[in-house]
Structures are given as structure tokens and as C-alpha cells.
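Let me begin by presenting the structure, written as C-alpha cells, before commenting on it.
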Amino acid sequence: MSKDSPLNQLGISNRQKFVEGMKTGIPIALGYFAVSLSLGIHAKAAGLSAFQASLTSFFMLASAGEYATFSLIAESAGYVAIAVMVLIANARYFLMSCAFSQRISKETSLAKRILLSFYLTDEMFGASISQPGYVNPFFCFGIMALAQPAWTIGTGVGVVLGNALPAGIVSALSVSLYGMFLAVIIPAGKKNKIILGLVTVSMLASYLCTVIPYIKEVSSGIITIILTLLISSIAALLFPVKEETSK
């Protein structure tokens, strides 16, 4: 990476960004561990071993996709059915990848881009996209250095514990992940009232889609894609972002 690279404009080394990412990843890792416990319990009910469930979490890194996978395995579904369902449940990552690609410097190597695409989760996206300017890949790697092991280990622990933990405790632990989301959107909302308004509209629209007849039967992944495209398109038309002119 050259000294005048956009990623080094502030004189911040990759090591510093990695450490910064690890600090940001601490609450994400805690939330991941809590949520993956419930996934592990679900995986055990489907007949998976701790190793199998942990391996699934290591490679998939998606709660909705894994829940759908474990549910279909429990029903002895075929490989094609599982693949299609996982594709639908995780389709929102196509949109996040498109948005995230605009925040990566052209100097970023293909290897780093592939690794970033593998690590792209809702939480990593939210924490990274709030960074000013181009996103340093090492900031993302720092986040996932803690978050991915926590997700993987939590799933295995959930299988081992089985149903030993009361459902209420698992549900309470899972709230920490939503707290992390609030920590990402609240500062941005305070700085920009438009963002605050769009977040509020998004939350309200998401809730309505869970109670409106017929619509509530649609996959949450599909709903997320539709709302993202609709709300972001309207926001782009009403509140266009002025591009900075190069000097």
C-alpha cells in the first residue's frame, strides 16, 4: 500500500486500524456468542453434533440462514431445498455488498476483497460503514477476529448445553445484539436528522410487514430486500448526497 493511499491519508497504520476494529468488535462478539447459543440448541434438536454446528457457523456467519438450514435438516429436506432457502434468507447480503464496495479503495487487493465479502455481516457492515472515508480492510478484520470465533464457539456451546439453559435466559442474552445495533445508528442519527428519520421509517415499515396479512407470510430476507430498495431509492431522490469534487 503506497504512503499516499486513501487508506493512509490520516497516517493511521493497518495495525492501529486492526486494534481499533477489535475494540469495536468486543460488543459484537458478546452479542454473537449469546445469539449463537440459541442456534446451537436448535442445531442439536436437528441432530447435529457440536463440530457440525460449529463448522456451519464458521462458514455461514448468518443467523437467519443457519436457522433455516437447521430447520430443514430437522425435516430431512434435500440439498437443493436447503440451498434455495439459504439463498433467499441471505439475499440481503447482495445489497450490502454493493453498498460496501463503494466504500473500498480501488487499491484494495482481490484477496482482501474476497475476505471482506466472506466476513460481511449485518453488524460488520453497520460498524464499518460508519467510518469516515474509505474503509480500511484491517478495521473489518479486527472486528471479525473476535466476532467470528465468538459466533462459532457459541454455536458449539449451545449444542453441548442443549436445552439446559432456560429459553428466557437465551432470549435475554440475545438482546445485547440489538443493543449493538442501537450503538451504531444512534450517533449517526444525532448528527443527521435525515438518517434518524429514515431509520425510524425503516423500523416502522419492518414492524408493519410482520403484522399485515399476507405480507407477514413472506420471507424476512425478501422483505428486507424490498424495504431496502424502496426506502433507499426514495431517500436518494428526496435527499441526494452531493459528491465531493476532486482537487
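Side chains included, hydrogens not; waters and symmetry mates left out as well; all remaining heavy atoms used. The model shown is predicted, which means the values in this text are computed figures rather than measured ones.
With values rounded to the nearest 0.5 angstrom, Leu48 atom CG is found 6.0 Å from Thr56 atom OG1. Here the CG-CG distance, from Leu95 to Leu227, works out to 11.0 Å after rounding to the nearest 0.5 Å. Here CZ of Arg103 is found 10.0 Å from SG of Cys140. Values are rounded to the nearest 0.5 Å. Residue Ile195 holds its CD1 atom at 11.0 Å from NZ of Lys193, rounded to the nearest 0.5 Å. Atom OG of Ser101 and atom NZ of Lys106 lie 11.5 Å apart (nearest 0.5 Å). Note that OG of Ser128 is 4.5 Å distant from CZ of Phe100, once rounded to the nearest 0.5 Å.
Legend: residues meeting ring-ring contact (aromatic ring centres under 6.0 Å, His included) with Phe141, ordered by chain and number and at least two apart, are Phe138. Not counting sequence neighbours, the partners of Ser49 by the side-chain contact (heavy atoms from CB on, under 4.5 Å) test are Phe51, Gln52. For Met96, the side-chain contact (heavy atoms from CB on, under 4.5 Å) test picks out Arg92, Tyr93, Leu120, Asp122, Phe125, with sequence neighbours left out. Under the side chain to side chain donor-acceptor pair (under 3.5 Å) criterion, Ser232 pairs with no residue, sequence neighbours left out. Listed by chain and number, the residues in a side-chain contact (heavy atoms from CB on, under 4.5 Å) with Ser57 are Glu66, Trp151, Thr155 (sequence neighbours excluded). Thr152 pairs by the side chain to side chain donor-acceptor pair (under 3.5 Å) definition with nothing, not counting sequence neighbours.
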Tabulate below the donor-acceptor pairs under 3.5 Å that side-chain atoms of residues 201-217 make, not counting sequence neighbours, or state none.
residue: Ser202; atom: OG; partner: Leu198; partner atom: O; Å: 2.7
residue: Ser206; atom: OG; partner: Ser202; partner atom: O; Å: 2.9
residue: Thr210; atom: OG1; partner: Tyr207; partner atom: O; Å: 2.5

What donor-acceptor contacts under 3.5 angstrom involve side-chain atoms of residues 79-87, with partners at least two apart or in another chain?
none

Donor-acceptor pairs under 3.5 angstrom involving side-chain atoms of residues 71-78: please list them, not counting sequence neighbours.
residue: Ser71; atom: OG; partner: His42; partner atom: NE2; Å: 2.9
residue: Ser71; atom: OG; partner: Tyr67; partner atom: O; Å: 2.8

Show your reasoning for whether side chain to side chain donor-acceptor pair (under 3.5 Å) applies to Glu107 and Tyr134.
CA-CA 11 Å; Glu107 297 181 9; Tyr134 285 115; over 6 Å; no

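In this structure, Phe18 is a member of the same hydrophobic cluster as Ile104, with clusters built from ILVMFWY side-chain heavy atoms closer than 4.5 Å. The cluster map of Ile, Leu, Val, Met, Phe, Trp and Tyr, joined by side-chain heavy atoms under 4.5 Å apart, puts Tyr32 and Val160 in different clusters. Criterion: ILVMFWY side-chain heavy atoms under 4.5 Å apart, direct or through other members. Under it, Phe118 and Phe139 are part of a common hydrophobic cluster. Cluster membership check: Leu196 does not share its hydrophobic cluster with Ile194, using side-chain heavy-atom separations under 4.5 Å among Ile, Leu, Val, Met, Phe, Trp and Tyr.
Taking every heavy atom of both residues into account, Ala50 and Gly156 meet most closely at CB-O, 4.0 Å. For Ala150 against Ala29, the heavy-atom pair with the smallest separation is CB-O, 3.3 Å. Across all their heavy atoms, Val35 and Ser38 have their closest contact at O-OG, 2.6 Å. Contact detail for Ala127 and Ile143: the closest heavy-atom pair is CB-CD1, 3.9 Å. Nearest heavy-atom pair across Gly126 and Ile129 is O-CG2, 3.7 Å. Of all non-hydrogen atoms in Ile28 and Glu123, the two that sit nearest each other are CG2-CB, 3.9 Å.
Taking a cutoff of 4.0 Å between a charged side-chain nitrogen and a carboxylate oxygen, Lys17 and Glu20 qualify as a salt bridge.
Clustering of Ile, Leu, Val, Met, Phe, Trp and Tyr side chains at separations under 4.5 Å places Ile114 together with Leu110.
Between Asn90 and Met60, the closest side-chain pair of non-hydrogen atoms falls below 4.5 Å. For the pair Met144 and Leu115, the minimum side-chain heavy-atom distance is 4.5 Å or more. Contact of the Ile41 side chain with the Val159 side chain is not registered, since no non-hydrogen atoms from C-beta on lie closer than 4.5 Å.
Ser36 contributes no side-chain N or O that, together with a main-chain N or O of Leu39, makes up a donor-acceptor pair within less than 3.5 Å.
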